[in-house]
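First up is the structure itself, then whatever we jot down about it.
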Amino acid sequence: MRVNSFILKTAISLMSISVAFPALANTRSEVIATLQQKTSVPVEFPGSLPNTGGEEVYLNWSADNNSYNVNFDYTNDCNGATACNMGSFSAEKGGIVVPKSEFSFSDRSDIPIEMQDKYEYIKLDNGYNAVFMYGCGAYCNATLQWKINNVLYSIYLKNGNKEEVMKIANSVYN
């Protein structure tokens, strides 16, 4: 089975980011206040979190001068590990949106069209241009990326979909 290179790069990137002294938060305002002290990147954070069917979402984060990552986890000690992580929100100064030429599409005509790999240019509610990517490997992953003032913002949801990542992204600015 061929692994989507974007999914692999995202997973490796998230692993390397989450190694840096993760901490736990309970509220959006706590995350924002703490991140503002730990990074020079303008801190944006969604008001809407992934739909968990009523389960609690734990926010584990890491930050350095040029980036931050907040994992949406099912357990307080998950720190972004695949089994207990549902996704993340991240920002990286100087980051680059994954170009379509580097997103590898899997040839999966055996699965329904809504589960096939996608790369789409979209607009957020506030007019920002964004890229939506969807790819399946071990999990089907939805990712949304956009840039503001040389900062790349990304939302990643394991087993997510376009509507969920757009709802989260749009809640950053509402």
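This is a predicted model, so every value here is computed, not measured.
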State which residue, out of Asn76, Thr75, Asn60, fulfils the side chain to side chain contact (heavy atoms under 4.5 Å, CB included) condition with Cys84. Thr75

Rounded to the nearest 0.5 Å, what's the gap from CG on Asn71 to OH on Tyr156? Could you check? 10.0 Å

Spacing of Ser90 atom OG and Glu44 atom CD [to the nearest 0.5 Å]: 13.0 Å

How about Phe45 and Phe89: are their ring centres within less than 6.0 Å of each other? yes

Does Ser48 offer a backbone N or O that forms a donor-acceptor pair with the side chain of Ser171 under 3.5 Å? yes

Okay, side chain of Lys93, backbone of Asn150: is any donor-acceptor separation there less than 3.5 Å? no

So, the side chain of Asn170 versus the backbone of Asp125: is there a donor-acceptor pair under 3.5 Å, distance only? yes

Gap between atom CG of Asn141 and atom NZ of Lys158 - 0.5 Å precision: 8.5 Å

From CA spacing to verdict: side chain to side chain contact (heavy atoms under 4.5 Å, CB included), Lys123, Asn129: CA-CA 5 Å; Lys123 279 203 183 288; Asn129 292 316; 2.6 Å; yes

On a heavy-atom basis, which atom in Gly160 and which in Tyr134 lie closest, and how many Å separate them? O-CE1, 3.4 Å

d(Leu49 CG, Met86 CE) to nearest 0.5 Å is 8.5 Å

Please answer whether the main-chain N or O of Asp64 pairs with a side-chain N or O of Thr39 as donor and acceptor at a distance below 3.5 Å. yes

Could you check if a side-chain atom of Pro42 sits within less than 4.5 angstrom of a side-chain atom of Val151, using non-hydrogen atoms only? yes

Let me see the working for Phe72 and Tyr58 under ring pair (Phe, Tyr, Trp, His ring centres under 6.0 Å), right down to the final yes or no. CA-CA 6 Å; Phe72 308 134; Tyr58 293 89; over 10 Å; no

Side-chain (Ser40) to main-chain (Asn65) donor-acceptor, under 3.5 angstrom: yes

What do the steps show when you test Leu152 against Val97 for side chain to side chain contact (heavy atoms under 4.5 Å, CB included), and what is the final call? CA-CA 7 Å; Leu152 174 68; Val97 172; 3.5 Å; yes

Side-chain donor or acceptor of Lys147 paired with backbone N/O of Gly95 under 3.5 Å: yes

Any heavy-atom pair between the side chains of Ile155 and Trp146 that's under 4.5 Å? yes

Drop me the distance from Leu59's CG to Ser88's OG, to the nearest 0.5 angstrom. 11.5 Å

Measure the shortest side-chain to side-chain distance between Leu144 and Leu157 over non-hydrogen atoms and say whether it is less than 4.5 angstrom. no

So, using salt bridge (charged side-chain N to carboxylate O under 4.0 Å, His left out) as the criterion, who are the partners of Glu120 when residues are at least two apart? Lys162

Checking the side chain of Gln37 only, and the main-chain atoms of Thr34 only, is there a donor and an acceptor separated by less than 3.5 Å? no

Kindly indicate whether the side chain of Gln145, heavy atoms from C-beta on, has any atom under 4.5 Å from the side chain of Thr143. yes

Separation of Ile122 CD1 from Met166 CE (nearest 0.5 Å): 4.0 Å

Side-chain contact, heavy-atom cut-off 4.5 Å: Trp61 with Leu35? yes

Do Thr82 and Tyr139 have side chains that get closer than 4.5 Å, going by heavy atoms? yes

Ring centroids only, cut at 6.0 angstrom: are Tyr119 and Tyr121 within range, meaning strictly under it? yes

Check: Glu163 main-chain N/O paired with Asn161 side-chain donor or acceptor under 3.5 Å: yes

